[in-house]
Structures are given as C-alpha cells and as structure tokens.
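Indexing begins at 1, ligand by ligand and atom by atom, following the structure's order. All heavy atoms count here, side chains included; hydrogens, waters and symmetry mates do not. This structure is a prediction, so every number in the text was calculated from the model and none was measured. Residue numbers count from 1 along this sequence.
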Amino acid sequence: MKDLLTDASDRAVRYLDGLGSRSVAPAPAAVSRLSSLDEPLPEKPTDPAGTLRVLDEAVSPATMAMAGPRFFGFVIGGCLPVTLAANWLAGAWDQNSALYRSTPGTSFIEQVALRWLLDVLRLPPEAGGAFVTGATVANLCALAAARHAVLERAGWNVEAQGLFGAPPITVVVGAETHPSVTKSLGILGLGRSRVAKVPVDSQGRMRADLLPALSGPTVICVQAGNVNTGAFDPVDEVCRRARAAGAWVHVDGAFGLWAAAAPSRRHLAAGLALADSWATDAHKWLNVPYDCGLAFVRDPHALQAAMAITAEYLPTQSEFRNPADFTPELSRRARGVEVWAALRSLGREGLAEMIERNCAQARRFARELGAAGYEILNDVVLNQVLVSFGDAERTSRVIQGIQDDGTCWCGVTVWQGRTAMRISVSSWATTDADVEQSIEAIIRIARS
Ligand SMILES: Cc1ncc(COP(=O)(O)O)c(C=O)c1O
C-alpha cells in the first residue's frame, strides 16, 4: 500500500510541476497513443504498480492542463494544493458520507463547511445546503425545493402526488438563462420550453421592467454571472417584485455567487440574499477538485422535503444533519472535506484575494487586447472577457491557432450573434506573469 501511494504521489507531483512548461492542450500524438489502452480485459490480476504506471504514462500526457495556470476555457478553477491533499486523505477514509451516525467525521465537517459558506457568500445563516456534483445538480435540487414549496402553499404535496393534476406553476427565466437551469426544469417536469422568457439587455441581464405580471405558484430563475459576460441579473429588483407576489426566486450563481466574497465585486451581488435558493460550484472559483457543487435553500425544510429518503434500515433520526437528507444521492463521497480545507486554509481574506486577483487579471486581458486593436464585446465586471478578432471566420481561426500554440487555452462562443473568444480567469494558480505570457501569445498569433 505504502509503495503504491508514494508512487502515486511522486507521479502526481511530477505531473503538476510540469504543467507550467507544457502545452496546455495535449499533443495530438499523446491523444493518439490512448489507443494503447484499448486492450482486452485481463483474465488474471495484474500488478497494481504496473497499472498505475500505465495510467500515468498513457493518460497524463493526454490530459488538458486544466489544473495549470493558463487554462482559460469554460469556467474551470484549478485545485488548491491543500484541497488535493485533503481529497487524498478523504479518499483513504473512503467514507460513504450519507448519514451522520455512520460517518460522523465527514458529516460534521460538512456542517461546518456549510456554515462557513453561508458566511462568506453572505447568504442567510439559517439556509440549508446540499453538497452535490456540480451546479447542474445544485440547480436541480434547489428547483426541486422551489417546486415543493410553491405547490405546498397551493395545498399540493408534489412528492406524494406528483405533478398530474397539480396546480400549474409559472416559471420565469431570462432569455440568457444557463442551459443547466433549463435542463433541471425539464427533469422536474416543469418543462424546458414551458417558461416565460424575459428579454435581456446588451450584457445578457434580465430586463426586470419586462417581467410578466406574477400570480399563483411561481418560480423565477435569475443568473448571478452570465456564462459569457459575467453580468448579473437585477436580483434586488426581481426579488422585490417576487416578494410582493409570493413567488420563489432561484439564483444560478455557478461562479458569480463568489463575487459576494470579494469586497470590490460585492456590489454585483446586491440583493442576492433576498432570494429563496442559490446554486454554485466549489469546483469553479473555490478551486476544489471535481466534482463539487452546492445548493442552498433559505428554508431547509423545503430542500429536505424534496430530497430526504426514509427506510427502516436507514438510521436517519439524528440530532445532527444527515448529508443525504439534502441530496439526490444516498451513497456519496464526502465533498465537504475539500470545501472545508479550502476555506480553512484561505480564510476570508485569502478567498477575497483570489477572486479579486482573477478579476483584475480579466480586466488586464481586456485592457491589453483592446489596446492591441481587438474588440472586447462585454463590460468586464467579473472574470469573463469576450474578444473578437474580426469576422466569425477570422476569430475562429485565431482561437484555433491559440489552442494549437499551447501557451494558453481559450474557448469559442457566440455572443448575441457574434463569434468571440471567451477568456475565463478562475484559477488560484494564475499569476500576473501567466497573464502577460498569454497576452503576448494571443497577440502574436492574432497578428500572424
Ligand atoms: C452559470 C453556470 N451555471 C451552471 C453551470 C453548470 O455547472 P456544472 O458544470 O458544475 O454542472 C455552469 C457551468 O459552466 C455555469 O457556468
């Protein structure tokens, strides 16, 4: 056991040490060599050390350097060293962290992590929470709680009776709502298309002045952080309208919710605490390992009513919180461990510094690429930058060139009809020197 774990640790450290100097995208030859893994299932046991060696030699070179300092695709945080170490230790514990009585250590730490999260994100301290796989499932859990609550108020028990014959629920979204919200609505039987869509402005923000009249069971979904521009819907105003009508407001803040933890970005999150539920990712801006999403619900009973499971063999009665009473899964890994480790090691100030630094780095990308003559399509309010290098064909060619060059990695998007490069700065590991090196590479390739 010890030799194997030491070998794994040596290989992991070697891999991480090499991330700053290798191509961010894997070399095509390394991806081709993956076919060597496509061998028949061994009939007999094979040497564990050999298995680890094959894994490292075949797969490590074929990975995208997402854990490195110059990956700016999608919204991908890195992995703070302490969270990786905590993840290894928790892996050794192998706790099925569903019930407090069977896994008190990891259940308790999740409770502490939840309290700290509500504190740094400035959400109501009484809110309940779920540690799940990502913001998609966090949206699903929070919207399941919303469905429960608005129908309960209408005298309907949706968990017991389902949706057949239930009072209809009006669902309101912005035209720029994230597809994971739409998907969650579909899974919950609320319909991907059966929604009232509110028009948005040039940054993708919901036009609160165009909200429909609200009455009856209603759920309004808002974005805290548009996936392209980083813009925030006017949550404050939406919540005030919703309150008056007894509607539920759900916030998808997969990365944007973390703005509340950074003093200079906090104004973007104004009014967020007035909502009823929130979804975010710890594997994005908190920089913990995949997979780790978080759902928060002001009324913990609504989340519990939607998620809890009961059976004779499951000792759910406990004076403490059973993690699985709040999540779709019963058996589950102890995600709270890495969240706790990140928050404990960063502290309030370290977390704020990381977010502020990434936002300042995004502004630098925009400033210097703009000064070099390229068009910045969004107001850079957070960590997202949209760059156009000209028409769609030219912009796509430059993005491909940047990905092939390997100094950094940025993805493509279409923003309000225009093809653009999307830069998302979300990693603890990104230094100002990495930003400078990436800007130089982008300009060199765009000018070639
Ligand atoms: C705004 C937003 N919401 C939801 C999601 C879904 O998150 P996950 O991929 O963790 O399920 C993302 C992912 O990029 C996102 O950016």
ask   = Can you tell me which residue and heavy atom of the protein come closest to atom 16 (O) of ligand 1, and the distance to 0.1 Å?
value = V227 CG2, 3.3 Å
inquiry  = Please list, in number order, the atoms of ligand 1 under 4.0 Å from a heavy atom of Q223.
reply    = 1 (C)
ask   = Can you tell me which residue and heavy atom of the protein come closest to atom 10 (O) of ligand 1, and the distance to 0.1 Å?
value = D281 OD2, 2.6 Å
ask   = If you measure from the Lys or Arg side-chain nitrogens to the Asp or Glu carboxylate oxygens, is any gap between R240 and D236 under 4.0 Å?
value = yes
inquiry  = Over 60° means perpendicular and under 30° means parallel, so tell me whether F71 and W409 are parallel, tilted or perpendicular.
reply    = parallel
task = Show your working on side-chain contact (heavy atoms from CB on, under 4.5 Å) between L214 and T170 and close with a plain yes or no.
result = CA-CA 8 Å; L214 306 173; T170 302; 5.9 Å; no
key: Residue, atom name and distance, where the atom is the protein heavy atom closest to atom 3 (N) of ligand 1   = D252 OD2, 2.7 Å
ask   = Are any of the N/O atoms in N139 less than 3.5 Å from those in ligand 1?
value = no
request  = Take every heavy atom of S180, measure it against each atom of ligand 1, and state whether any distance is under 4.0 Å.
outcome  = yes
query = Can you list the steps and then say if V75 with W285 is a side-chain contact (heavy atoms from CB on, under 4.5 Å)?
reply = CA-CA 8 Å; V75 190; W285 230 343; over 6 Å; no
task = Decide, yes or no, whether a salt bridge links E393 with R397 under the criterion of side-chain N to carboxylate O below 4.0 Å.
result = yes
key: A254 neighbourhood, listing ligand 1 atoms whose heavy-atom distance to it stays under 4.0 Å   = 1 (C), 2 (C), 3 (N), 4 (C), 5 (C), 12 (C), 15 (C)
Minimum-distance protein heavy atom relative to atom 5 (C) of ligand 1 = H178 CE1, 3.3 Å
key: Cationic N near anionic O, under 4.0 Å, D432 to R357   = no
query = Looking only at protein heavy atoms, which one is nearest to atom 9 (O) of ligand 1, and how far off is it?
reply = K284 NZ, 3.9 Å
query = With a 4.0 Å heavy-atom cut-off (strictly under), which part of T136 contacts ligand 1: side chain, backbone, both or neither?
reply = both
S424 side chain to F74 backbone, donor-acceptor under 3.5 Å = yes
request  = Could you check if a side-chain atom of H250 sits within less than 4.5 angstrom of a side-chain atom of N139, using non-hydrogen atoms only?
outcome  = yes
request  = Any atoms of ligand 1 less than 4.0 Å from a non-hydrogen atom of H283? List them with their elements.
outcome  = 10 (O)
